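Here's the structure we're looking at; comments come further down.
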Amino acid sequence: MCAVFMDSTIMFLCKYGSEILPVRLSGGGRLKDVLSSICNRWNHLSVGRFSVSYAYEDGYCALLNETNYENMIFLFSNCDRINAKVDENKHSSRLIVGSTIDEVGDVDEVFDDEFEYVDRMDPAEKYPKHVETSYLTEAWADLIEGVGQEFPKGVKEFRKVLVRYAIENGFMYRFVKNDQLRVTAVCVIEGCGWHVHAIVNRTNGVFHIKKCHNVHNCGSTYRTNKHKRVSSRLVAAEIAGIVEKKPKTSPIDMLDWFTDKYGLDLCYHSAWLGVEKARGDYMETMKILLIGFDGLFPIAFAICDAENDANWIWFLGLLRSILSHRPITFITDRNAGLVNNIPVMFPSCHHAYCLYHIQFNLKDHFPGRFRKGFRNRLVELFNKCAYASSVSVYKAAEEEFYQFGGDKARTFIASVPKEHWSNAYFKGQRYGEMSSSAVESFNNWILKAREMPVFNLVDELRRKIMKQMAARRVKSMKWNLVICPKMDLKLARFID
C-alpha cells in the first residue's frame, strides 16, 4: 500500500497480492475508511481477518487502530510515499465478535465503542520474545515537570531541557517568544494544546515555568530515531566526557555510538561538528588573532559553523571592542549577515559593496539569451556609474546605462542602493579600493591550510603569520623613509 500526498488529499495505493487498490482520502482520512474500501474491493476479506501494515526502516508496523494510523500519517508527514501491504490472518488484535462488514451493515458501527473487542491472536504470536532495548534518552521523557519548575542556570538550561524532552517524547515545537527573559513554545501541529511558558522570576532572578499544558491532543507524539532538533551542540554536550578521555575520537565513532546508546541517527555534519565542539577546538578558534599580510594588515579572523546573524553579531562585537572609534569603511560581498548587522554594530561607519561581485550579479541579471558582448558592454557602462566622481557625472552615466540595458537595467540599479557602490553617492572614504579582492588574496595565501582540521588550520595560520611578520620586521629596519617604499613610490608618481 502506498500513499501519495496531494495538499489535504491522500491517495492510498493498497497492494494485496499482485493487485493494487487506489483509495482517495481527504484530510488524512481514517483507518476504518481504508478497511471498508479493502473489504468492498476484495469480498472474501472481512474486518478483523486481515492486517494492514506499513514499511518503516527494516520492518513493518501494523495498523491496529486509529491511533496507529494517525501516528503513521504524522511520521510520514514530510514524505511523498508510504509503502504498506495487506495480509490475511496476521496480528489483527481487534476483532468484532461474529461480525463482518455485511453483518454489521455500516462500517462506522464496526468501530463504535459499544461493540466488544476480543483478541483472537495466539498469545505466543502476539507476545513474541524479544530483547528489551534501553537508551540513555529515557530519562529525558520526564524533564518537563510543570508549573513552578526552576532552572537555576537560566534560560540556556531551560532550552537544553526542552529540546531533550521533545526528542524523547517525539514531537516538534516552535518558539512564539524566545529571548533571555522569557520563552514560549507551542506544538507545531495546529490546534494542539501543548505549550510551555517560562520567565525570569523578578523576585529571586530564577528562570522558571509559569504556564504549562503538558498534554498533546494532536495524537502526533511518536518517538523516532530521527529528530530535527538533534544538533551538534546537543551532541557535543553528550559526548564531552568521551572526547575528554579519548581526544582522537572520530565522527564515525560517534555516529555508531549515538545510534547504539541514544537510539538516534546523526548526519555526519552534526557528528563532526559535535566532536569539534567537544574537543574545544571550535571555541578556541573563535578567538581573535592579530595578523599581518603582504600589502595588508588584516585585523582578525574567526572560524564558525555557519554565516548567520548570530555569528556575525558575535564577530563584529569583538571586532568593535579592539578598533578605535574613528569612522571605518567596510568593503564586503553583500553577505546578508553583514548587510543586516554592520549598521547595527558600527552605526557611524560606512559599508561599501564589492564592485567585482556586483558585476557578476549584473551578468546574472541578464541570462544566457543575451550575448556575451552585450553583457560586457553593460559592465563597462555600469563601471562608469560606479567610478563617477560627482552626482552630475553619475546621472549622465546612469542614463547611458539605461538606454543600453532598458527596463532590466533600471530594475537592477533599483535593487542595489547606489549609496553603497557609487563614488558619487558614497558618504565614506574608499581610499581607491573598489573591491574586496584583498580577501581573495588572503584565501589564496592560506589555500593549502584550509583543507586541514580546525586545530591544525589555526596552528598553520599562526606559523605563516609569524614568519611573515618576522620577515617584515627585518625588511622594515632597512627603511629610511616615513612610509614604506611601495607607498612612497606611488605617492611620488601621483605628485609627478
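As the structure is a prediction and not an experimental result, all values here were calculated from the model. No hydrogens, no waters, no symmetry mates; every other heavy atom, side chains included, goes into these values.
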Beyond-backbone contact of [X] with [Y], side-chain heavy atoms, under 4.5 angstrom:
{"X": "F151", "Y": "I209", "result": "yes"}
{"X": "C187", "Y": "C218", "result": "yes"}
{"X": "N169", "Y": "W140", "result": "no"}
{"X": "F346", "Y": "L319", "result": "yes"}
{"X": "L234", "Y": "R164", "result": "yes"}
{"X": "H208", "Y": "V147", "result": "no"}
{"X": "V163", "Y": "I167", "result": "yes"}
{"X": "S232", "Y": "K277", "result": "yes"}

When the aromatic ring centroids of F330 and H350 are compared, is their separation below 6.0 Å?
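No, the ring centres sit 6.0 Å or more apart.
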Between W421 and Y387, does the ring centre distance come in under 6.0 Å?
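No, they do not, as the ring centres are separated by 6.0 Å or more.
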Only counting residues at least two apart or in another chain, list the ones meeting ring pair (Phe, Tyr, Trp, His ring centres under 6.0 Å) with [X].
{"X": "F366", "answer": "F370, F374"}
{"X": "F258", "answer": "Y262"}
{"X": "H227", "answer": "none"}

Does K395 come within less than 4.0 Å of E398, counting only side-chain N to carboxylate O?
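Between E398 and K395 there is no salt bridge, as every charged N stays at least 4.0 Å from the carboxylate O atoms.
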In sequence, state the C-alpha distance, the side-chain angles, and the governing distance for L381 and Y402, and then conclude on side chain to side chain contact (heavy atoms under 4.5 Å, CB included).
CA-CA 9 Å; L381 295 175; Y402 288 160; over 6 Å; no
Between [X] and [Y] (side chain of the first, backbone of the second, donor and acceptor by atom type, cut-off under 3.5 Å), is there such a pair?
{"X": "N311", "Y": "A306", "value": "yes"}
{"X": "N217", "Y": "G193", "value": "yes"}
{"X": "N214", "Y": "I144", "value": "yes"}
{"X": "N341", "Y": "G337", "value": "yes"}
{"X": "S422", "Y": "K418", "value": "no"}
{"X": "R182", "Y": "K177", "value": "no"}
{"X": "Q149", "Y": "L143", "value": "yes"}

Parallel, tilted or perpendicular, judged at 30° and 60°: which one describes the rings of H195 and H213?
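Correct class here is parallel.
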Point-to-point distance, once rounded to the nearest 0.5 Å, from [atom1] of [X] to [atom2] of [Y]:
{"X": "I446", "Y": "M452", "atom1": "CD1", "atom2": "CE", "result": "10.5 Å"}
{"X": "F171", "Y": "R229", "atom1": "CZ", "atom2": "CZ", "result": "9.5 Å"}
{"X": "I303", "Y": "L461", "atom1": "CD1", "atom2": "CG", "result": "7.0 Å"}

Taking it one step at a time, do T259 and L264 satisfy side chain to side chain contact (heavy atoms under 4.5 Å, CB included)?
CA-CA 5 Å; T259 300; L264 296 170; over 6 Å; no
Does [X] have any salt bridge (charged side-chain N to carboxylate O under 4.0 Å, His left out) partners at least two apart in sequence or in another chain, and if so, which?
{"X": "E400", "result": "R377, K384"}
{"X": "E168", "result": "R223"}
{"X": "R159", "result": "none"}
{"X": "D459", "result": "R462"}

More than 12 heavy atoms of other residues, nucleotides or ligands under 6.0 Å from [atom1] of [X]: is that the case?
{"X": "D407", "atom1": "CG", "answer": "no"}
{"X": "K408", "atom1": "NZ", "answer": "yes"}
{"X": "K160", "atom1": "NZ", "answer": "no"}

When you look at R375 and E380, which way does the salt bridge (charged side-chain N to carboxylate O under 4.0 Å, His left out) test go after all the steps?
CA-CA 9 Å; R375 286 182 287 174; E380 293 177 5; over 6 Å; no
Side chain to side chain contact (heavy atoms under 4.5 Å, CB included) between V176 and V183, worked out:
CA-CA 8 Å; V176 177; V183 175; over 6 Å; no
side-chain contact (heavy atoms from CB on, under 4.5 Å) partners of [X], counting only residues at least two apart:
{"X": "K475", "result": "W479"}
{"X": "N335", "result": "E307, W312, D333, L338"}
{"X": "V200", "result": "L181, F207"}
{"X": "A185", "result": "L162, Y173, F175, W194, V196"}

Apply side chain to side chain contact (heavy atoms under 4.5 Å, CB included) to F426 and T329, showing your working.
CA-CA 10 Å; F426 189 71; T329 297; 3.8 Å; yes
Pairs involving residues 354-368, ordered by first then second residue, that meet side chain to side chain donor-acceptor pair (under 3.5 Å) (sequence neighbours left out):
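Side chain to side chain donor-acceptor pair (under 3.5 Å) check on residues 354-368 returns R334-N361, Q359-N383.
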Minimum-distance pair of heavy atoms, taken over all atoms of [X] and [Y]:
{"X": "T249", "Y": "V275", "value": "O-CG1, 3.5 Å"}
{"X": "L457", "Y": "A449", "value": "CD1-O, 3.2 Å"}
{"X": "K226", "Y": "T224", "value": "O-OG1, 2.7 Å"}
{"X": "A236", "Y": "G274", "value": "CB-O, 3.4 Å"}
{"X": "F315", "Y": "A300", "value": "CZ-O, 4.1 Å"}
{"X": "C192", "Y": "H216", "value": "SG-ND1, 3.4 Å"}

Checking side-chain polar atoms at under 3.5 Å, does T332 have a donor or acceptor matched by the opposite partner on H351?
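Yes, H351 and T332 have a side-chain donor paired with an acceptor closer than 3.5 Å.
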